[in-house]
Amino acid sequence: MNPALRHDYLAALGLETWVARSAAPSPPVSAPTGREAPAGREAGVDWPELKARVAACTRCALCSTRTQTVFGVGNPQAQWLVVGEAPGAEEDRQGEPFVGRAGQLLNSMLRAIGLAREQVYIANVLKCRPPGNRDPSASEAAECLPYLEQQIALIKPKLMLAVGRIAAQNLLHTEVTLGRLRQQVHHFGLSRVPLVVTYHPAYLLRTPTDKRKAWEDLKFAREVCARV
Ligand code: SF4
């Protein structure tokens, strides 16, 4: 990426003052965290069929409070798959993940490492909004995860970026804190897709002092993807 352009994106993140002196360490590779995800129950479906199944899904109680399902958006052949927790109010209204201020920050974070939003695929662990933006229950996540597994089977990403504690813990089936999950290479489920963890942009909007750590995570993820 053009250095001036990158500077502009980093400035939007409030990161331009320390980028030059930050040096990412060589990525350590962790042992797999927790048990592996169960095999998807939607094996063998194509995109239209999968989208239709999600749109009509009544597997958990969230179907009764959603405005619409939020399937995912982006390049179906992306190298990067960004996975968040669940739709919020605006996502529930628009039917697209990571819109609004958090979505704009995610776009800037991706731009800072040379990726346009359209180049990656963006999805959530849950396809329906939990009322009041409460944390998803374990059973809701378990019911919905097979849809994400099938999306992964179709996309075949080189790297998954789990944003936020809830997404990371559900994807890795662990209760380890986000702080301890960062800066390691995990692997997702049976597909063993390399997975890196970072902060949710909504959290970074509330806690801008952690943007530096998020930038370190993004550089780390870029290095991991380059090695795959
Ligand atoms: S959250 Fe997932 S499992 Fe629950 S109703 Fe929505 S699509 Fe179905």
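Quick note: numbers below take in every heavy atom, side chains included, and nothing from hydrogens, waters or symmetry partners. Nothing fancy with the numbering, it's 1 onward along the sequence.
Partners of R101 under the side chain to side chain donor-acceptor pair (under 3.5 Å) rule, at least two apart in sequence or in another chain, do not exist in this structure. With sequence neighbours excluded, the residues that form a side chain to side chain donor-acceptor pair (under 3.5 Å) with E96 are R117.
Of all non-hydrogen atoms in P194 and V185, the two that sit nearest each other are CB-CG1, 4.1 Å.
Listed by first then second residue, pairs satisfying salt bridge (Lys or Arg N to Asp or Glu O under 4.0 Å) with a partner in residues 70-89 number zero, not counting sequence neighbours. Listed by first then second residue, pairs satisfying ring-ring contact (aromatic ring centres under 6.0 Å, His included) with a partner in residues 57-85 read W47-F71, not counting sequence neighbours. Within the structure, the ring-ring contact (aromatic ring centres under 6.0 Å, His included) test picks out the following pairs touching residues 82-109 (sequence neighbours left out): F98-H200.
Atom CD of Q119 has more than 12 neighbouring heavy atoms from other residues, nucleotides or ligands inside a 6.0 Å radius.
Side-chain contact check for N133 and R129: at least one donor-acceptor pair (N or O, by modelled atom type) lies under 3.5 Å. Between the side chains of D92 and Q68, no donor N or O sits under 3.5 Å from an acceptor N or O.
A salt bridge is absent between E223 and R227; no separation between the charged side-chain nitrogens and carboxylate oxygens falls under 4.0 Å. The pair E216-K213 does not count as a salt bridge, with every side-chain nitrogen at least 4.0 angstrom from each carboxylate oxygen.
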Validation: residues 158-170 side-chain donor-acceptor distances under 3.5 Å, sequence neighbours left out:
{"from": "K158", "atom 1": "NZ", "to": "C225", "atom 2": "O", "distance (Å)": "3.3"}
{"from": "R165", "atom 1": "NH1", "to": "Q169", "atom 2": "OE1", "distance (Å)": "3.0"}
{"from": "Q169", "atom 1": "NE2", "to": "E175", "atom 2": "O", "distance (Å)": "3.4"}
{"from": "Q169", "atom 1": "NE2", "to": "V176", "atom 2": "O", "distance (Å)": "3.0"}
{"from": "N170", "atom 1": "ND2", "to": "I166", "atom 2": "O", "distance (Å)": "2.9"}

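Considering CG of L105 and CG of L110, their distance stands at 9.5 Å, rounded to 0.5 Å.
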